[in-house]
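Input: a single structure, listed below in structure tokens.
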Amino acid sequence: MGMTAAAIEDLIRQGIPDAQVQISDLRGDGDHYAAYIVSESFRGKSRVQQHQMVYAALQGKMGAELHALAIQTAIPPEE
């Protein structure tokens, strides 16, 4: 059984509290999602480290309850 977009968003927000998260269901099947995550906590980290933070926030559900997730991370613009 897959996860809902809301459940994915909740996990990411719990793990990265300042994150702005947008989840898209790519196929409408509840199994293939894309996540766009903006967080100040990504600043100074490599793209790999940013993605590792997202995977950690998913608490091991990637590859189990969550079949496929395309991740795009960004840092908010400085004001």
Side-chain angles (χ1 to χ4, degrees):
M1 179 164 175
M3 292 182 69
T4 66
I8 297 166
E9 184 174 339
D10 286 345
L11 285 173
I12 293 171
R13 287 181 192 261
Q14 287 172 24
I16 308 170
D18 74 324
Q20 299 171 13
V21 182
Q22 293 177 312
I23 305 291
S24 302
D25 187 340
L26 297 175
R27 294 189 182 169
D29 62 3
D31 259 350
H32 298 82
Y33 292 97
Y36 179 67
I37 305 138
V38 179
S39 173
E40 182 61 40
S41 62
F42 294 152
R43 192 172 302 281
K45 295 183 172 49
S46 71
R47 188 75 62 196
V48 170
Q49 290 170 319
Q50 293 172 17
H51 286 213
Q52 288 171 336
M53 290 172 66
V54 175
Y55 285 124
L58 294 171
Q59 303 173 3
K61 296 189 184 333
M62 189 68 218
E65 295 153 66
L66 180 55
H67 177 72
L69 180 67
I71 299 171
Q72 183 177 5
T73 55
I75 299 164
E78 294 187 42
E79 295 181 18

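Predicted, not measured: the structure shown is a model, and the values here were computed from it. Just the heavy atoms: all of them, side chains too, but no hydrogens, waters or symmetry mates, feed the values below.
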(request) Check side-chain hydrogen bond (donor to acceptor under 3.5 Å, both in side chains) between Ser41 and all other residues, then give those that pass, not counting sequence neighbours. (result) Ser39
(message) Just to verify, what does Gln72 make a side-chain hydrogen bond (donor to acceptor under 3.5 Å, both in side chains) with, not counting sequence neighbours?
(response) none
(message) Applying salt bridge (charged side-chain N to carboxylate O under 4.0 Å, His left out) as the test, list every pair that has at least one member in residues 46-56; sequence neighbours left out.
(response) none
(message) If hydrophobic residues (ILVMFWY) are linked whenever their side-chain heavy atoms come closer than 4.5 Å, directly or via other members, who joins Leu26 in its cluster?
(response) none
(request) State the CG-CD1 distance between Leu69 and Ile12, to the nearest 0.5 angstrom. (result) 6.0 Å
(message) Among residues at least two apart in sequence or on other chains, which ones pass salt bridge (charged side-chain N to carboxylate O under 4.0 Å, His left out) with Arg27?
(response) none
(message) Test: side chain to side chain donor-acceptor pair (under 3.5 Å). Region: residues 8-17. Which pairs qualify, not counting sequence neighbours?
(response) Glu9-Arg13
(request) Name all pairs fulfilling the ring pair (Phe, Tyr, Trp, His ring centres under 6.0 Å) condition that reach into residues 9-49, sequence neighbours left out, sorted by first residue then second. (result) His32-His67
(request) Please collect all salt bridge (charged side-chain N to carboxylate O under 4.0 Å, His left out) contacts where either partner lies in residues 14-26, sequence neighbours excluded, each pair once. (result) none
(message) Taking the side chain as everything from C-beta on, heavy atoms only, tell me whether Gln22 gets closer than 4.5 Å to Ile37.
(response) no
(request) Indicate the atoms forming the closest heavy-atom contact of Ala74 with Gln50, along with that distance. (result) N-OE1, 4.5 Å
(request) Begin from the C-alpha positions of Ile8 and Leu66 and carry the test side-chain contact (heavy atoms from CB on, under 4.5 Å) through to its verdict. (result) CA-CA 8 Å; Ile8 297 166; Leu66 180 55; 3.6 Å; yes
Under 3.5 Å donor-acceptor pairs involving side-chain atoms of residues 53-64, not counting sequence neighbours:
none

(message) Nearest 0.5 Å, please: how far is NE2 in His51 from OG1 in Thr73?
(response) 3.5 Å
